Amino acid sequence: MEVIICPSYDEMSVRAAQEVAVVLNTKPNAVLGLATGSTPLALYKELVRLHKDEGLDFSQVTTFNLDEYVCLNPTHEQSYHYFMQEHLFQHINIPPESIHIPSGTTRNHVAFCDWYENRIKECGGIDIQILGIGSDGHIAFNEPGSSLGSRTRIKTLAKVTIDDNARFFKKAEDVPIYAITMGVGTILEARKLLLVANGDGKAGAVAQAIEGPVTSMITASALQLHPDSVIYIDEAASASLKMCDYYRWIQDNKPGAPKPE
Ligand code: F6R
């Protein structure tokens, strides 16, 4: 697990977008896992800039989003379908049929979740999965207590997540209580995990995820089990980490490591 501390949110976002661009430039038909929320906004802005200014091509890319609120129509302004159109899809050249987002309106959650899992496999698995982290340490909507082997399913949101996300809704009572989310086990099958976190509100969760024990109480700690995970954070989100100097030392010396011939 690599920890990269950036001086600002903007630099964190640009560097994380470069990680995605490397994957897409190496494998034009890559499968990209996407997150929503306020954290990846500048990352998506940079992907859009790379597409417009530098020709980053999404024409062969397939995407899978992590989650969607249950009961929100795709046209609802707070649905993750709407978010993705607004902030990414309408600005890039991805074919609409290559986009997958969990359905918030399916009548049969179990069948839908099975289909979603199978569809990821049919598409060859996720090459790089973008993740945020909740203040309770969740990835996707895998709230505390979610099995580290969990698969795509309907999940009840924790009270703290509902409170955190109330800022996007007119009233706290409007925040949906349920979501369909990829499971921790689903996420761990992606070939690369890229988690972004900024702000002091995330410092506690980030420290527990990186330096705490692997536990279903902080599902982001499952990244410790993954062979290729990278975490980009800004200074504020790094505030509770004990080993900052060590992470910086590793990053400073990494370019000098012997390269394969
Ligand atoms: C959303 C998702 C969530 C968010 C997390 C942080 O697709 O996967 O886990 O990443 O709740 O949200 P923000 O970025 O709004 O703080």
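Whatever order the structure lists ligands and atoms in, that order sets their numbers, starting from 1. Note that the structure is predicted; figures quoted are calculated from it, not measured.
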*Say whether, by atom type as modelled, one donor and one acceptor occur between the side chain of S221 and the main chain of T215 under 3.5 angstrom.*
yes
_Could you work out, with side-chain contact (heavy atoms from CB on, under 4.5 Å) as the rule, every residue matching F168, not counting sequence neighbours?_
S38, Q78, N165
Report each N/O pair between ligand 1 and the protein that falls under 3.5 Å, naming both atoms.
residue, atom, partner, partner atom, Å
ligand 1, 7 (O), T36, N, 2.9
ligand 1, 7 (O), T36, OG1, 2.8
ligand 1, 7 (O), D67, OD1, 2.6
ligand 1, 7 (O), D67, OD2, 3.3
ligand 1, 8 (O), D67, OD2, 3.2
ligand 1, 9 (O), H138, NE2, 3.4
ligand 1, 9 (O), A140, N, 3.3
ligand 1, 9 (O), A140, O, 2.7
ligand 1, 11 (O), H138, NE2, 2.7
ligand 1, 14 (O), S38, N, 3.3
ligand 1, 14 (O), T39, N, 2.9
ligand 1, 14 (O), T39, OG1, 2.5
ligand 1, 15 (O), S38, N, 2.8
ligand 1, 15 (O), S38, OG, 3.1
ligand 1, 15 (O), R167, NH2, 3.2
ligand 1, 16 (O), K202, NZ, 2.6

_R248/E235 salt bridge by N-O under 4.0 Å criterion_ = yes
_Does either side chain, that of H109 or that of R153, offer a donor lying less than 3.5 Å from an acceptor on the other one?_
no
Name every donor-acceptor pair, under 3.5 Å, that has one atom in a side chain of residues 201-209 and the other anywhere in the protein, sequence neighbours excluded.
residue, atom, partner, partner atom, Å
K202, NZ, I133, O, 2.9

Distance-only donor-acceptor pairs under 3.5 Å for side chains of residues 10-22, two or more places apart:
residue, atom, partner, partner atom, Å
S13, OG, Y9, O, 2.8
E19, OE2, Y232, OH, 2.6

